[in-house]
Every structure is written in structure tokens, then in C-alpha cells.
Protein chains: 2
Amino acid sequence: MKPNIKDIARHAGVSPTTVSRVLNNRGYLSQKTKDKVHQAMKDLNYFPNELARSLFKQKTNLIGLIFPTTSNPFFGELIFHIENSFSSKGYKVLLCNSLNRVDKEMAYLDMLQRNQVDGIVVGAHNRHIRQYESMHLPVVAIDRNLSDSIPVVSSDNYLGGKIATEHLLNKGCQKIIHINGPHELETPANKRREAYEEVMMKEDRSPITYELRESLNKNYTKTVINQLFDEHPDVDGIFASDDLIAAAVISEAKKRGMNIPKELKIIGYDGTESVKTCLPELTTIQQPIQAIAQSAVNVLIQQMGGEKSIENIVLPIQLIKGFTT
Amino acid sequence: MKPNIKDIARHAGVSPTTVSRVLNNRGYLSQKTKDKVHQAMKDLNYFPNELARSLFKQKTNLIGLIFPTTSNPFFGELIFHIENSFSSKGYKVLLCNSLNRVDKEMAYLDMLQRNQVDGIVVGAHNRHIRQYESMHLPVVAIDRNLSDSIPVVSSDNYLGGKIATEHLLNKGCQKIIHINGPHELETPANKRREAYEEVMMKEDRSPITYELRESLNKNYTKTVINQLFDEHPDVDGIFASDDLIAAAVISEAKKRGMNIPKELKIIGYDGTESVKTCLPELTTIQQPIQAIAQSAVNVLIQQMGGEKSIENIVLPIQLIKGFTT
DNA sequence: AATATCATGTCAACGGGTTGACACACCAAA
DNA sequence: TTTGGTGTGTCAACCCGTTGACATGATATT
């Protein structure tokens, strides 16, 4: 079967301890011995068993990632950068698609702890999962408030909401409606709505918000959008809390023969590469996805190193002007 | 520190063996004892150490996924379905973004073997990595030819290429050009080009193919597309080997003021949910992403169960008629 | 009263690598 | 000659849970 350290020792004519010393570069070693051992590892196609190492070292270099779904380009891109960054630092990544479902999220949390991950990056969270608080494990959240003791990395959602709303106002919209995801997701993204509402109030307009309770269900999204158009035929500005929603709005509006941006102006949120490629004309608020990933990784590594700074990190956003406003 | 099985035993007033018996549901156990043990596990916040279990059992239930990048919606969606399916069957998934880079792919391969994965799903591969052949590990490939002994799951690329080309011909295109990814990726997707070329030849037209050597580089893609338009101002049909390329073509064509579909017809490939949301008007060949994922998972699990069937699986594709042709 | 089944305990080996303690041999510098 | 660095070996304990062997009661069945 698979060779172990003893097989290598035998084949190289040295002791198992020496092989271990070579693997970990400990103590005094002659070049000759190193070469012999490396040759033996090649000959026998040997791979050191990380399970055994991790077990002893009490460190796995394993990180859990909990996100709604890699299907969504925003998370897909975020996860790409996170994995990339961890990988370059010697960590490995266990992927969990929670689909915003409480049962899944809890099962994954359990699984990750059984597997002795060194830390977790969470970009998905349902209210009332209190596990995170009692967990003696480094955790960093992206765009979610998990508990007071867990640092959050996010972009400036309030400013993003403010800029988006103001942009529509500047473009002359009279009736602006906001569409966003499930409120029950305890996320700082709710600040986009807050900002929208406050800006509207300040301008003496009444804010109207449509909530997509199942943000991942496409047909449902369509239905709600059409409901919006039916209930507010005079809408001339829509601020969608993510680009895919904005895209759906555009496509429904086109079906109704509405002229964008003349009759209806639309601004989205996220600014992923995918959407920028497929829908380059979309005006949107771009999040610095790579920077968010980078920060999350850094914060988690800091925590794993023993530092207890619980400071949240807020990164800048940027208005990308397209042709839908 | 973290409680172990002995701590649980002590706290529950039973022997460690009994705790293990409860965990694995082995031998005779009274309900009372089970309850005591479960209570103790709750009290102490205990998670059985999977490393130790895996080490002994010689099975990790860990699967490695090697793909170019989750940033690309096609892979993002594929990976989502794969992870989902594995997760429901009790497997965990280690994510690797190889970016189509040889060095990365090899490093990941090494890492996965050190971590004792039970199997690997590969959706990325560079020519001349011969590791796969000597690997004594279940492997399944998606859309890549790794070696004769590794089963490949893919959709019907030849038929897809044929249908796409014929569709453009039927729509009256006189000069059809094909754009695809790096030829050096040893992928059955090359059959799309083959089909394109054969259909063209049969119609007595000369096939023209543009190759994007770095399929993940956006600026480069743009450059090549513009080069294409400059070199072939009379092009009136483009078959892009994936939707993102098609999207880029559309956007460059629009910049040049070309009328789609009147002057230029475009068909893409993949038909991901993301692209269908962002660019619903795109005509494309849709791959059955979920079915591909499902098949890959099944084939791998079969292999891990000891079966040695090396049959390739080809799944049906579908023409989605939009408004770009 | 004898036997079978149930319930639990003790003990040791095992999976594979790590590490500290200690011994021994060699070689070079002081 | 002594001292100290270098190079390697032996050995045992450890990480944590699993498993098989074996023993001992308790309870139920015949």
C-alpha cells in the first residue's frame, strides 16, 4: 500500500527519525543524507501524511469557507480571491455552499469543527444561529454580523447606498424604488437600504422598498419585479441591491418596452468581473472584491496568530457609470 | 483545551471505549448511556476529531476539486453543484483554483495527496502533466483528457459545435468565424472547433479560428476581438466557444456600431444561469451543468467504491435561441 | 439452575508522523 | 588533549480515536 516514513527510512538506509528531520529540516543533516531521503521519496512515490502531522502539531492549516453559493459571481469571485490568498500562504480551503439555509449552515459549522479547521471565513449567515459566539475558533465574517466578538470585513455599504440613491436623484428620477435581498440575513448590506431611505427622506420623498425573500430564486425575483412595475407604473428609477437583480429588472423592463435610461434608470451593486463583461452598460456600485478577500484573509491569519483585535474593516466603494442611468 | 474522548468519558462516568461505541453506534448500548454520553458531549462542546478517525480508518471522505477559477460562472456553477452533491453524500471538498497554470496544478496535486483525499475531480488541465497516470487515486475529469485510464464527463461538444455552426448558416451568415480558448488545454471542447471546421468545409467555406491563448485575461480578449474585426470587416457570424467571449464580442461590436443580429450574428456556449440573467438575449449552446456535476460525482464515488469502469460520459446539449442570431 | 443476550469495562495495538532525551562517532580548532 | 560542533541512531511518549480480545455483571429465557 501507500509507503510510510518507515518505508522511506528503510529504502534510504537511514532511521525514521532522520527522514522526519529531513522533512522538517530540523537538526544537523548532511547533504548526502538529504539527497538519499529525497531520492527514496521519489522512488516510492511518497507523500507525507498530513493527517498524522496535523494531529500531532495540533494545527491543520485548513480554513473553512461558508458562503451561500459559488454560483453567484460575487461569491465566486470573492471565493476565488480568498482561496488564492490562503493558498499562497500555505493554507487549504474547505468549501461550503450554505444556500442561506439554517440547517446547512449549522451542519457545515459542525463539520468544520470536527475537521479541526484553524479558522473560518463566513459570508453567509442566518439570524439566530448563535453557535458562532461559543466557538473557540478564529472567525472572520464578510458582510455579516455574526456576533460582537467576530470582526466584519465589508465595503462601505452605507456610502454605496447613498451614492447610488443620489446618483439616481441627480439624473432626475422622480420616483425611485429600492429592491433588496432578504432582510433576515443579518448583513451590513442592509445599510444600503438605510442610506437609500435616509437620502429619500431628506429629499422629502417616500422610500419604497421591495424585499426578495429568496434572493437565489430566479422566477420569484421575476415575479416580484413585475409586481413592482404593476404597482408603480410611474417608477423611473430603481436601485437594485445587487447586479443580478438589476439585470433581471433590465430584462423585465425591456419586455415591457420601457426605454432605458430614458424612462427608467437602473443602478446595481457589486460590479463583478462577470457582470462587467456580460452587461458592461450597467451603472453600478463596485465593491473592491479582491481587497475584501485580502483583508478577510489577513484578519483571520492575525487572529490565528493569537491577536485579538476585533476591529471591523470597511473598504471603499466606487460608482461605475454606465448607460442604464 | 479542546476536550477529547477521555474527557467525555470522565464527564459522563463511562469508559472511553463506551464513548467510542456511542459515536460509532457499535455493540450493545443502553439508551441511558447514550443519553449520558450525548449530554456530556454537549456540556463540554465536544467535536470528535476527524483527523484521528480518518487516520485510523484510512479514509478521509475528502475530495479535491481542481478547476481554473470559481470566478468564471461556468465553473462557479459547476463547483456549486459538485460540492452540493458530495456534501449530501457525506463528503467534504477541498477547493483548488489552478488558473490553468502548470505549476499551480502540480502543487495542488501534491497537496491533495498529502492530505489523503479519497478522490479528485479535475476540470482543469495542462498538457504534459503526467502525474495523473501514475496516481493511485480515483480521479474523474470534466471536459479534459487527462490520460487513457481516467474517465471524462462532458457534454456533447461535437454536436454543440455542429449545431452552433449550422444555426449561423441557417440564419444566412456568409462569413462565420470561430473564437475559442487555448488549444493547449487538452479538452474535448476542442471538438467544438472540429465540428465548426467540418461543417464549414462541408459547405465549401473556409473556417477561420481565433485562439485566445489566455482565456482568463480580459484585456487580451478584447484585443483579439478587435483584431478579428479589423482583419475581417466582412464577418457576419461569430461562434464563441463560451458565453463570456460572446459577451465581449457583443460589447466590442456595439462599440463599433454594428447592428446585432442584422449585420452580425453571435452565438455563445455554456448557458450558465448568471449569463442567462445578465444577457438573456444571447443565443447559446447550453450545457447541462447540474447533470455534468452529478455524473462526475457518481463516477468518482463508483471508482472510490472499487469499480473500475472507465467509460466516458457524454451528456446532451441544447440550443437556446435568443436575439443575437 | 443453566444458558443466552445485553451492557459495560479494561487493555493494548494501531494509523503515521513528531519530538525530546540521550548516546555515540567523527572531525576540527584551541 | 580537551572542547565543541556536526551527523545520525535508538527509544519512548504523544496526538486522538478505533477496534478486537477478553472479562464481568445483570437480566431475561427456558
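Proteins come first, then strands; the chains are lettered A, B, ... in the order of their sequence lines, and each starts at number 1.
You'll find that the side chain of B:A52 is closest to C:dG15, out of D:dC15, C:dG15, C:dG17.
Using a 4.0 Å cut-off on heavy atoms, the residues of residues 10-19 of chain B that approach DNA chain C are B:G13, B:V14, B:S15, B:T17, B:T18, listed by number. Residues from residues 34-48 of chain B placing a heavy atom under 4.0 Å of any atom in DNA chain C do not occur.
B:L51 comes within 4.0 angstrom of nothing in the nucleic acid, heavy atoms only. Within the 4.0 angstrom heavy-atom criterion, base atoms lie near B:S20. Across all strands, A:S54 comes closer than 4.0 Å to no nucleic acid atom at all (heavy-atom distances). B:E50 comes within 4.0 angstrom of nothing in the nucleic acid, heavy atoms only. Residue B:K6 is out of contact with every strand shown, counting any heavy-atom pair closer than 4.0 Å. If you check every strand for non-hydrogen atoms under 4.0 Å, A:L29 touches sugar and phosphate atoms only.
Where the helix from C:dA1-D:dT30 to C:dA30-D:dT1 starts and where it ends, the local axes point in directions that differ by 40°; five pairs per end, rounded to 10°.
Screening B:N97, B:T70, B:T69 for a side-chain hydrogen bond (donor to acceptor under 3.5 Å, both in side chains) with A:E83, the sole residue that qualifies is B:N97.
Taking atom CZ of residue A:F56 and atom C1' of nucleotide D:dA13, one finds them 9 Å apart after rounding to whole Å. Atom CG in A:N24 sits roughly 11 Å away from atom P in C:dG17 (whole-Å rounding). A straight line from OH of A:Y28 to P of D:dG4 spans 13 Å, rounded to a whole angstrom.
Panel note: side chain B:N190, backbone B:T187; a donor-acceptor pair is recorded below 3.5 Å. The main-chain N or O of B:V139 is found under 3.5 Å from a side-chain atom of B:Q303 such that the two form a donor-acceptor pair. A distance-only check finds a donor-acceptor pair linking the side chain of A:D7 to the backbone of A:N4 [under 3.5 Å].
Counted by atom type alone, A:N61 and A:K92 present zero donor-acceptor pairs between their side chains at under 3.5 Å. Counting only N and O atoms by type, the side chains of B:K2 and A:Q116 include a donor and acceptor under 3.5 Å apart.
Ring-plane geometry between A:F86 and A:Y91 is classed as perpendicular, the angle between the planes exceeding 60 degrees on a 0 to 90 degree scale with a lower cut at 30.
Evaluation of atom-type donor-acceptor distances gives no pair under 3.5 Å for the side chain of A:R21 against the base of D:dG7.
Other residues, nucleotides and ligands contribute at most 12 non-hydrogen atoms within 6.0 Å of the CG atom of A:D148.
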